[in-house]
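The block underneath contains the structure these notes are about, expressed in structure tokens.
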Amino acid sequence: MIPPKIIILGAGYAGLTAALTFQKKLRTKEAEVTLVNKNEYHYFTTRLHEPAAGTFPHDKTRVDIKRLINRKKVQLIQDNVVEIRTSDRVVVLENHTLAYDYLIVGLGAEPETFGIPGLMEYTFNRWNINGVRQLREYIEYQFATYKNDPKRTELLTFVVGGAGLTGIEFVSELADRVPKLCKEYDVDTSLVRLITVESAPVALPGFDPGLRNYATSALEAKGVEFILGTPIKACNKHGVVLASGKEIRAGTVVWAAGVRGNSIIEKSGFTTTRGRVPVDGYLRAPGHENVFIIGDCALFTDQRTKRPYPPTAQIAVQMGKLLAENIVVTIRGTKHKRKPFKPVIYGTVASLGREDAIGQFGKKRVTGYPAVIIKKAVDLRYLFAIGGIRLVLKKGRF
Ligand SMILES: Cc1cc2nc3c(=O)[nH]c(=O)nc-3n(C[C@H](O)[C@H](O)[C@H](O)COP(=O)(O)OP(=O)(O)OC[C@H]3O[C@@H](n4cnc5c(N)ncnc54)[C@H](O)[C@@H]3O)c2cc1C
């Protein structure tokens, strides 16, 4: 019998976990698994705020995929996905066309612009390795440029759009780095402004009020200003314009206020809501028995609350693992053993810089150093799961 072809698009949290689960569960020649990714490396998106602010080397937040996979079991193709043609059961890449029997789409997210003019052109909004490398360099460049042109104090103003997890974790790291940058470039710290702008009335809306207050007070103490309940109306080369009409002149604007599913999915004709495909309990795209969407591209609704789960790494990993297990039992002719997806939400931790964090686990609340330790433990656990102790020692932040 010809082994079925399983194609996985994207080696992020969801796609890589699926590939590693196939590698573990499939017997030789049971299926041909191909993992397609635009880079030769997998990156830890949940830690990108650190290299973005320059507090941690970017190389520590990525790992060569070849070091994680067994190429006898999973073939890796480094290429860009261009289109998915479900009618022909093929995926078009820049340099290849691949036929599939089972297709798993885990292409991650893109920035949600909410139609704000100038957002894509004038903000840093790419949360990937090259995006954060560029941002880190740009931050330093602003300090250096200011020293050559000290009238332009706006170069030392940094606006962060969004006070969710990504925005808060980034601004916290930047707040930690500012004193060092000021020392390095001989800049008076009082000239640097870090401003977080958020359209919702509160920061970190996923956390309870006590933890939200803890986080905002901790960040205000580090010099971060908050403008809440005020959307950004436009971005331009001078900075941002708020819905209130106020303009903030800023040398750097970082966008961390929302994501949508990868645009390739929409372009390929799938039904989407904000670029995400509403999947069923077996993570299938509507109308497609053998096309599965996982991670940030999937819109999975909590049947109890009727609200979609937010896109997170913990859900992406669980989706990748369960889906691969379900496909393995399907290939073995025991489809009845498939399990529907039921995410387990262990909790959420938000880092507030190197030495502070908040965490919410059911009814448990944690702040300060214990939360920092939990955050580190979560990261290390993921490294261990994908690459064992060697990866923990190589890439871990202790
Ligand atoms: C700064 C930051 C902090 C975060 N913190 C947390 C946190 O603490 N906890 C948490 O649970 N979640 C957190 N998240 C969210 C979490 O990172 C995402 O939900 C998670 O990365 C989604 O996994 P994914 O596999 O769907 O996508 P990704 O991990 O983004 O992977 C997508 C993959 O697809 C590849 N790809 C994309 N387009 C193409 C193409 N055209 N061709 C080929 N390959 C392509 C990419 O290169 C990438 O490897 C954070 C996000 C950010 C940005």
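Note that ligands are numbered from 1 as they come in the structure, with each ligand's atoms numbered from 1 the same way. Numbering starts at 1 and runs along the sequence shown. These values consider heavy atoms only, across backbone and side chains, with no hydrogens, waters or symmetry-generated copies.
For W127, no nitrogen or oxygen atom sits less than 3.5 Å from a nitrogen or oxygen atom of ligand 1, counting backbone and side chain alike. Polar contact check, R47 against ligand 1: no nitrogen or oxygen pair lies under 3.5 Å apart. By the 3.5 Å distance cut-off applied to N or O atoms, K38 is counted among the residues near ligand 1. Close N/O approach between Y41 and ligand 1 is not found [any backbone or side-chain N/O within under 3.5 Å]. Taking any N or O of T166, backbone or side chain, none lies under 3.5 Å from an N or O belonging to ligand 1. In terms of N/O distances under 3.5 Å, ligand 1 is not approached by L48.
When the heavy atoms of G295, A14, G164 are ranked by distance to atom 25 (O) of ligand 1, first place goes to A14. Nearest-heavy-atom check against atom 11 (O) of ligand 1 across A350, A313, G261, G12 picks out A313. The residue from G10, G106, A298 that puts a heavy atom closest to atom 32 (C) of ligand 1 is G106.
In the displayed structure, Y141 atom OH is contacted under 6.0 Å by at most 12 heavy atoms of other residues, nucleotides or ligands.
Using a 4.0 angstrom heavy-atom cutoff, D79 counts as in contact with ligand 1. The shell of residues lying under 4.0 angstrom from ligand 1, judged by heavy atoms, excludes H42. Within the structure, ligand 1 lacks F170 among the residues with a heavy atom less than 4.0 angstrom away.
With hydrogens left out, the protein atom closest to atom 7 (C) of ligand 1 is L165 CD2, 3.6 Å, a heavy atom.
Note: H42 and F44 meet the aromatic proximity criterion, with ring centroids under 6.0 Å apart.
When non-hydrogen atoms are compared, ligand 1 lies under 4.0 Å from the side chain of N39 (C-beta onward) but not from its backbone.
Listed by number with element, the atoms of ligand 1 under 4.0 angstrom from any heavy atom of A316 are 23 (O).
Relative ring orientation between W127 and F170 is described as perpendicular, the plane-to-plane angle rising above 60° on a 0-90° scale split at 30° and 60°.
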